[in-house]
Amino acid sequence: MSKLYTSKDVLFYIPNLIGYSRVFASLFSFFVMIFIPDQWLLAIASYIYSFSADLFDGMAARKLNQSSNFGGLLDMVTDRCSTLGLLFILYGEYGTESSYLNYQFYKALFLFLALLDISSHWSQMYSTASLQIHHKSNEGNSNRFFLVKWYYQCYPFFGYCCVSAELTYVVMYALHHLNAAAAAAAGVTATGDNDDLTLAKTVADWVLKMCIPGCIMKQIVNVFQLTTSCNAVAKDDAHKKNKSV
């Protein structure tokens with residue numbers, strides 16, 4: 001007789017344990033960013049672990065045959081809340097008048113990115129769940145805008161957009177602290193220390209320039225993901241209405 005699984009078994013699947021570690025790492029990174037800002041490198045390392053581990057929980061789920069709807073839910077909630085949390089941090093650090101002359105632009109930018117991220121992904125999930133199909137499946141995206149279909153069907157494009165977006169936010173966080181450190185060190189520290197800061201800023205600037213195109217593409221995909229998923233729900237409503245007439 002085959003084993004009867006319980007909810008406890010699913011909750012303690014290996015990929016879900018990895019998922020819990022992602023949640024902890026994200027929360028820990030935000031704690032450090034808010035309460036121990038001088039340890040910003042530790043915060044970045046913790047956030048990058050949370051983001052990177054997303055790859056390994058999926059691999060573990062397929063390898064161990066432990067895929068689950070709960071795991072998909074945990075993955076989605078962790079992804080969205082982690083991104084929103086970092087955007088919230090950036091809103092606070094770039095959106096103060098004492099930090100940047102164009103602080104109002106940054107406040108509007110990070111608010112827009114947060115609203116677009118959560119609304120587009122929630123709409124995508126709802127539109128496919130209402131049809132009882134997976135939000136990343138070919139069937140679920142068959143009638144979507146070509147960029148949305150490409151995003152979910154072409155893994156290199158999917159990975160480029162996601163990694164670029166996350167690294168853009170992480171590097172912006174790092175640059176904020178590097179700029180603050182450079183300003184504080186001006187005329188105080190040894191030349192070697194200033195050279196190290198200059199090098200770090202140069203590298204961060206280059207990484208940002210390489211990631212921004214992918215981040216912009218991710219936002220374009222999000223816009224079409226939002227509009228086409230809303231249209232899919234309306235189309236389904238119309239189909240049901242016509243059947244009832």
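The model shown is predicted, which means the values in this text are computed figures rather than measured ones.
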Query - Check against side chain to side chain contact (heavy atoms under 4.5 Å, CB included), Y173 and L90 - result: CA-CA 6 Å; Y173 172 76; L90 292 174; 3.9 Å; yes

Query raised in the report: Is there a side chain to side chain contact (heavy atoms under 4.5 Å, CB included) between F51 and L167 once you walk through the steps?
Result: CA-CA 10 Å; F51 174 69; L167 283 183; 5.9 Å; no

Report task. Check the pair L74 / V23 against side chain to side chain contact (heavy atoms under 4.5 Å, CB included), numbers first and verdict last. Result -> CA-CA 9 Å; L74 177 64; V23 173; 4.1 Å; yes

Query raised in the report: Taking it one step at a time, do Y106 and Y94 satisfy ring pair (Phe, Tyr, Trp, His ring centres under 6.0 Å)?
Result: CA-CA 6 Å; Y106 286 114; Y94 280 82; 4.9 Å; yes

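Atom-to-atom distance recorded for F56:CZ and S21:OG is 11.0 Å, nearest 0.5 angstrom. For the atom pair CG (L86) and OG1 (T83), the distance works out to 7.5 Å, reported to the nearest 0.5 Å. For the atom pair OG of S120 and CZ of F224, the computed distance is 12.5 Å after rounding to the nearest 0.5 Å. A distance of 11.5 Å separates CG in L147 from SG in C154, rounded to the nearest 0.5 Å. Rounding to the nearest 0.5 Å gives a distance of 9.5 Å between CD1 of I118 and OG of S123. Taken from CG in D79 to CG in D75, the straight-line distance is 4.5 Å, to the nearest 0.5 Å.
Applying the ring-ring contact (aromatic ring centres under 6.0 Å, His included) test to Y151 and every residue at least two apart in sequence or in another chain returns F158. Under the side chain to side chain donor-acceptor pair (under 3.5 Å) criterion, S50 pairs with S26, not counting sequence neighbours. Every residue was checked against the ring-ring contact (aromatic ring centres under 6.0 Å, His included) condition with W206, not counting sequence neighbours, and none meets it. Residues that satisfy the side chain to side chain donor-acceptor pair (under 3.5 Å) test with D236, not counting sequence neighbours, are K240. D205 pairs by the side chain to side chain donor-acceptor pair (under 3.5 Å) definition with nothing, not counting sequence neighbours. Taking S119 as the reference, nothing meets the side chain to side chain donor-acceptor pair (under 3.5 Å) condition, with sequence neighbours excluded. Scanning for side-chain contact (heavy atoms from CB on, under 4.5 Å) contacts around K63 gives an empty result, with sequence neighbours left out.
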Under 3.5 Å, side-chain donor or acceptor atoms of residues 209-223 against the rest of the protein: list the pairs with distances, not counting sequence neighbours.
| from | atom 1 | to | atom 2 | distance (Å) |
| --- | --- | --- | --- | --- |
| K218 | NZ | N222 | OD1 | 3.3 |
| Q219 | NE2 | Y169 | OH | 3.3 |
| Q219 | NE2 | C215 | O | 3.2 |

Show which side-chain atoms of residues 8-19 pair as donor or acceptor with protein atoms under 3.5 Å away, not counting sequence neighbours.
| from | atom 1 | to | atom 2 | distance (Å) |
| --- | --- | --- | --- | --- |
| D9 | OD2 | T6 | N | 2.9 |
| D9 | OD2 | T6 | OG1 | 3.3 |
| N16 | ND2 | V10 | O | 2.6 |

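Between Q225 and Q124, the shortest heavy-atom contact is OE1-CG, 3.5 Å. A pairwise comparison of heavy atoms in K201 and L178 identifies CG-CB, 3.7 Å as the closest pair. Looking at every heavy atom in both residues, S164 comes nearest to T168 through O-OG1, 2.7 Å.
Annotation: salt bridge (charged side-chain N to carboxylate O under 4.0 Å, His left out) contacts involving residues 103-121, sequence neighbours excluded, comprise R80-D117. Every pair passing salt bridge (charged side-chain N to carboxylate O under 4.0 Å, His left out) that includes a residue from residues 36-54 is listed here, sequence neighbours excluded: R22-D54.
F30 and L41 fall within a single hydrophobic cluster, where Ile, Leu, Val, Met, Phe, Trp and Tyr are joined by side-chain heavy atoms under 4.5 Å apart, directly or via other members. The hydrophobic cluster containing L55 does not contain Y20, counting ILVMFWY residues as joined when their side-chain heavy atoms lie under 4.5 angstrom apart, directly or transitively. The hydrophobic clustering, which links ILVMFWY residues whose side-chain heavy atoms are closer than 4.5 Å, places M172 and V163 apart. Criterion: ILVMFWY side-chain heavy atoms under 4.5 Å apart, direct or through other members. Under it, V207 and W40 are part of a common hydrophobic cluster. A single hydrophobic cluster is not seen to contain both Y160 and I48; linkage of ILVMFWY side chains at heavy-atom distances under 4.5 Å, directly or through other members, places them apart.
Hydrophobic clustering, defined by side-chain heavy atoms of Ile, Leu, Val, Met, Phe, Trp and Tyr closer than 4.5 Å, leaves Y49 isolated from every other such residue.
A donor-acceptor distance shorter than 3.5 angstrom exists from the side chain of S229 to the backbone of L226, with no hydrogens or angles considered. Looking at S46, its side chain never comes within 3.5 Å of a backbone N or O of L42 through a donor-acceptor pair.
In F88, the CZ atom is not crowded: 12 or fewer heavy atoms of neighbouring residues, nucleotides or ligands sit closer than 6.0 Å. Within 6.0 Å of OH in Y126 there are 12 or fewer heavy atoms belonging to other residues, nucleotides or ligands. Counting non-hydrogen atoms of other residues, nucleotides and ligands closer than 6.0 Å to CZ of F24 gives a total of 12 or fewer. Within 6.0 Å of atom CG in N69, 12 or fewer heavy atoms from other residues, nucleotides or ligands are found, so the atom counts as exposed in its surroundings.
In this structure, the side chains of T227 and N231 stay at 4.5 Å or more apart for every pair of heavy atoms.
A donor-acceptor contact closer than 3.5 angstrom is absent between the side chains of E93 and Y103.
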